[in-house]
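What follows is one structure encoded as C-alpha cells, with my remarks underneath.
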Amino acid sequence: MNKVVRLAVASALCAAALPSWAAVTLTVASFPDLDRDVKTAIPLYKKLHPDVEIKLVSRERVDHVNALTTQLASSSGLPDVMGLEIGFVGRFIASGGLEDLSKAPYNAGQLQSQITGYSWAQAKGANGDVYALPVDIGPGTMFYRKDLLDKAGVTEADLTKSWETYIAAGKKIKAATGAYLVASPVDLKDIYIRSNLKNGEGIYFDKSGKPIIAGNPRFENAFKYAKEAQDAGIAGNIKQWSNEWAAGFQHDQIATQAMGAWLNGHLAHWLAPDQGGKWRSCNLPAGAFASWGGSFYAIPAKSTHKAEAYEFVKFLAANREQQIAAFKTLDAFPSLKAAQDDPSMSEPLPYLGGQKAREMWRDAAKHVPEIPINKNDGVAEDIINDQLDQVVHQGKDIKAALADAQADVERRARR
Amino acid sequence: MESVLSPAASSTAPRRRKRFQSWKWAPYIFISPFVIIFAIFGAFPLIFSATLSFAQWDPAAGFGAIKWIQLDNYKFVLTDRWFWKSLGNTVYIALASGLPQHLVAIPFAAFLSTLLRGRNIVLGAYFLPFITSSVAISLIFSSLFSKDFGAINAILMSLHDHLPLIGQLLPDHKVDWLQNTEMVKPTVSFVVFWRYVGWNTVLYLAAMQTIPEDLYEAATLDGASITRQFWHITLPMIRPMMFFAVSLTLINNLQLFEEPFILLGDNGGTGQAAMTTAMYMYRTAFYFSDFGTACAISWVMFVIIAVLSYGNNRLFKLAGGED
C-alpha cells in the first residue's frame with residue numbers, strides 16, 4: 001500500500017515535471033480555412049522539434065482581425081505567430097506591431113529566391129523590410145462552364161482572346177442559355193484593374209502611396225467594360241459569397257467566374273458540388289495575369305518566443321513537405337517554388353473534367369507582377385465600388401466618377 | 001460630529017467612533033460592485049472614446065501611436081460624403097420603419113384591448129420577434145428575400161399568374177430585394193418594422209389598460225361612437241406612453257446596426273444603400289483602422305440623437321398644450 005502511494009506520488013511528480021522539459025509552447029492565432037494548414041503542420045513539426053508545443057487559437061475571420069487589433073493595441077494576450085491574409089496583411093505591417101524579419105537573427109532575405117516573387121513583395125513594408133512570410137498564393141484564373149459555352153457555340157479562345165471577344169461571348173451565352181457571363185459588373189471590373197500591372201505598381205496606389213485612379217486607362221476601361229456588360233444584360237447583380245452567388249452556380253446562372261485558383265476547392269466542396277465535370281479553367285482575358293488572395297504568417301514584435309516562432313513560420317513557408325501537405329488539404333497553392341514541382345501538380349482534376357489545371361495555374365503564378373499592397377487598399381476598393389455602382393446603375397460619367405474616387409481616396413489616405 | 005472627534009468627549013467615544021465609521025462606509029462597500037463595474041465598462045469607454053475623438057489612432061500600432069489632432073476628426077466627419085449618405089440612409093430607414101410601427105401598433109393595441117379571449121396569445125405571437133436573436137431573424141429574411149430562390153418572390157410570381165385582377169398589379173419579374181439599390185432600404189425597413197411592432201403594441205396595450213373604464217362608459221352614455229372614443233379618450237390618455245415609445249424608437253432606429261449588417265454585409269449592400277451611420281462607424285474603426293474618426297462619428301451621432309430626443313420631448317409637450 002505504502003509502495004503504491006509512493007509510486008503514485010513519484011509518477012505524479014514526473015508528470016508535473018514533464019512540461020518544464022518541453023521548453024516552449026507557441027501560440028498560433030489563425031482563422032478558417034487557413035488554420036487547417038497549422039493543423040497539418042503540427043504532427044510534421046513535432047517530428048522535427050519534439051520540444052515545442054503548438055497551441056492553435058482559431059477564430060472566425062472578422063473576430064480574428066478584431067482580436068489581433070485589440071491585442072496589438074494593448075500589447076497583451078498576443079500570440080507568438082499570427083495568420084494574416086491579403087485583405088489585412090498590409091494594415092498590420094503598416095501598424096509597426098510586427099517583427100522585422102529581414103534583420104538578424106532571422107535574415108529572412110535568404111528565403112527570397114525560394115518563394116514566389118509577387119507574394120514575397122506583398123509581405124514587405126513600405127521601407128522594403130520583410131514582416132511576414134507567405135505560405136500560399138492565389139494565382140488568378142478564369143473558371144467557366146464548358147457545357148454552357150458549348151450550348152452557345154462559344155469556345156475557350158473567345159473568352160481569353162480579348163475583352164471584346166469575352167463580352168461578345170457573354171452575349172451569345174446569355175442568348176443561348178440565359179446565364180450571366182459574370183455574377184456582377186464588380187467582378188468584371190475586379191479582373192480588369194488587376195491585369196496588366198507592372199512590377200512595383202499597386203492596384204490603387206503608386207510607389208509613393210499616391211492614388212492612381214483618375215485618368216488611368218486601367219480604371220477607365222474597367223468601368224467601361226463593366227457598364228457595357230451591365231447594359232447588355234450579361235452581368236447579374238450577384239454579390240460574391242452571398243447565398244445568391246452559390247445558388248447562381250448551382251442553377252446554371254453564372255457562366256464564368258474569375259478568381260484565385262483556390263476557388264476550385266470551394267466550388268467542388270460547397271458552392272456547386274453537383275456540377276463536377278462541367279467546369280473548366282482558363283487564363284484571364286487578353287493575356288492578363290492577376291492574383292487573388294494569399295496568406296502569410298507573421299510574428300508580433302512583442303512575442304516572447306520570437307526565435308522559436310520564426311522557426312515555425314519558416315517551417316510553414318519554406319518546408320517542402322509541409323507546403324505540399326497544406327496544398328493537398330487546403331487547395332491553397334504553395335508559395336514555395338520547390339513545392340510547385342510536386343507530381344500532384346500534374347494530376348488531372350476531376351471537378352474540372354480531368355483538366356490538368358494546376359500546371360496552368362503554376363505558369364500563371366510565374367507571370368503575376370509584383371504588386372505592393374497599401375494599407376488603404378480596402379478603403380480604395382470601397383470607394384471604387386461605390387463609384388462603379390453610380391456609373392452602372394445611375395449613368396454617372398466614368399471620368400467624373402474616377403475623379404471623384406481619386407479625390408475621396410486622397411482625402412482618406414492622407415489621414 | 002465635533003464632539004465625537006474631540007478627545008475631551010466621554011470615555012465611550014473611541015468605541016462609538018469606530019462603529020460610526022463602519023456604518024458610514026458599509027453602504028459604499030455594498031454599492032461598490034456596481035460602481036466598479038460601471039467605471040470599467042461604462043465610464044471608461046465613454047471617456048476614452050470622447051478623448052480618442054480628438055486623436056488619430058490606428059489601434060494595431062499600440063497606445064504609443066495616439067496622435068492629437070484637435071478637431072480634425074470632427075471636420076472630416078462633417079464634410080464626409082459617406083457620413084451624410086449614411087445619415088440619410090439611417091433617417092430614411094428610421095422613418096420608414098418607425099412611423100408604421102406606431103401607426104400600426106396603436107390601432108392594433110386598441111383592438112387587442114377589446115378582445116377578451118386569446119389576447120395574450122396574439123400579443124405573444126407579435127412580441128416573439130422582439131425577443132428573437134436579430135442574427136437569426138436576418139438570416140431567415142435573407143433567404144426569404146432571395147431573388148431567385150426566396151419564398152417571397154415565389155409567392156408574388158404565383159399570385160401574379162393566378163390571381164385575377166389584383167394579380168396584374170404585382171410585378172411580373174422577380175424583385176431583387178437585397179441587391180437592387182432602390183429596393184434595399186424598403187426591405188430593411190420592413191424587417192425592422194416587423195421586428196418592433198409587437199414591442200410597441202405591448203407598450204400601448206399596457207397604457208390602454210390603465211385608462212379607467214368609466215371614461216368609456218360615460219362617453220358611451222353621451223352617445224360617442226367607438227371612433228370618437230378612440231380619438232378623444234384613448235389617444236390623449238396614452239400620450240405619455242406614446243412619448244416613451246417614440247423616444248425609444250427614435251434612439252434605437254438611429255443606432256440601427258444588426259439587421260442591415262447581417263442582411264447586406266459590412267458595407268451596407270450595393271452602392272452602400274443601407275449603410276447606416278452605426279455601420280459606417282464600425283467600418284471606419286475596424287475596417288479602415290481609424291478609431292479617432294469612428295469615435296468622432298459616434299459623438300456626432302450622440303448630439304443628433306440628443307437634439308432629436310429633445311425635439312420629440314418639446315413636440316409632445318406642445319401637442320399636450322401644457323405640462
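Below, chains carry the letters A, B, ... as their sequence lines are ordered, and counting in each starts from 1.
The OG atom of S303(A) lies 8.0 Å from the CD atom of E99(A); values are rounded to the nearest 0.5 Å. A distance of 4.5 Å separates CE in M82(A) from CG in L68(A), rounded to the nearest 0.5 Å.
Smallest separation of non-hydrogen atoms from L34(A) and F296(A): CD2-O, 4.4 Å.
Contact of N385(A) with chain B is not made at all, since no heavy-atom distance falls under 4.5 Å. Q71(A) does not touch chain B: none of its heavy atoms, backbone or side chain, sits under 4.5 Å away. There is no contact between S75(A) and chain B, counting heavy-atom distances below 4.5 Å. Only the side chain of V62(A) comes within less than 4.5 Å of a heavy atom of chain B; its backbone N, CA, C and O stay farther away. Proximity to chain A (any heavy atom under 4.5 Å) is shown, for N180(B), by neither the backbone nor the side chain. Of the two parts of L388(A), neither the backbone nor the side chain holds a non-hydrogen atom closer than 4.5 Å to a non-hydrogen atom of chain B. Only the backbone of L264(B) comes within contact range of chain A, with heavy atoms under 4.5 Å apart. For chain A, the nearby part of T181(B) is the side chain; its heavy atoms alone come within less than 4.5 Å. Looking at S184(A), there are no atoms closer than 4.5 Å to chain B (heavy atoms on both sides), in backbone or side chain.
Here R91(A) is the residue among Q390(A), H393(A), Q387(A), R91(A) with the most heavy-atom pairs under 4.5 Å with chain B. Ranked by heavy-atom pairs shorter than 4.5 Å toward chain B, the options D386(A), T69(A), L98(A) are led by D386(A). Contacts with chain B were tallied for V65(A), V392(A), V186(A), D408(A); D408(A) has the most, counting heavy-atom pairs under 4.5 Å. Heavy-atom pairs under 4.5 Å with chain A peak, among S142(B), A273(B), A285(B), A60(B), at A60(B).
Here D404(A) pairs with K396(A) in a salt bridge; the nearest charged N to carboxylate O distance falls below 4.0 Å. By the 4.0 Å N-to-carboxylate-O rule, E259(B) lies close enough to R195(B) to be salt-bridged with it. Salt bridge present: R412(A) and D80(B) bring a charged side-chain N and a carboxylate O closer than 4.0 Å.
With T90(B) as reference, T277(B) is the one residue of N253(B), T276(B), T277(B) to meet the side-chain hydrogen bond (donor to acceptor under 3.5 Å, both in side chains) rule.
For K306(A), the NZ atom counts as densely surrounded, since its 6.0 Å shell holds more than 12 non-hydrogen atoms of other residues, nucleotides or ligands.
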>> Between W245(A) and H266(A), is the ring pair (Phe, Tyr, Trp, His ring centres under 6.0 Å) condition met? List the steps.
In response: CA-CA 12 Å; W245(A) 198 50; H266(A) 290 268; 8.6 Å; no
> Do Y287(B) and Y282(B) pass the ring pair (Phe, Tyr, Trp, His ring centres under 6.0 Å) test, and can you show the C-alpha distance, the side-chain angles, and the key distance before you say yes or no?
Replying inline: CA-CA 8 Å; Y287(B) 194 73; Y282(B) 174 85; 9.3 Å; no
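Taking non-hydrogen atoms and a 4.5 Å limit, the residue list of residues 296-303 of chain B in contact with chain A is empty.
Taking the six-membered ring where the residue is Trp, F63(B) and W57(B) present parallel rings, their angle staying beneath 30° rather than reaching 60°.
In this structure, Y131(A) has its ring center at least 6.0 angstrom away from the ring center of F92(A).
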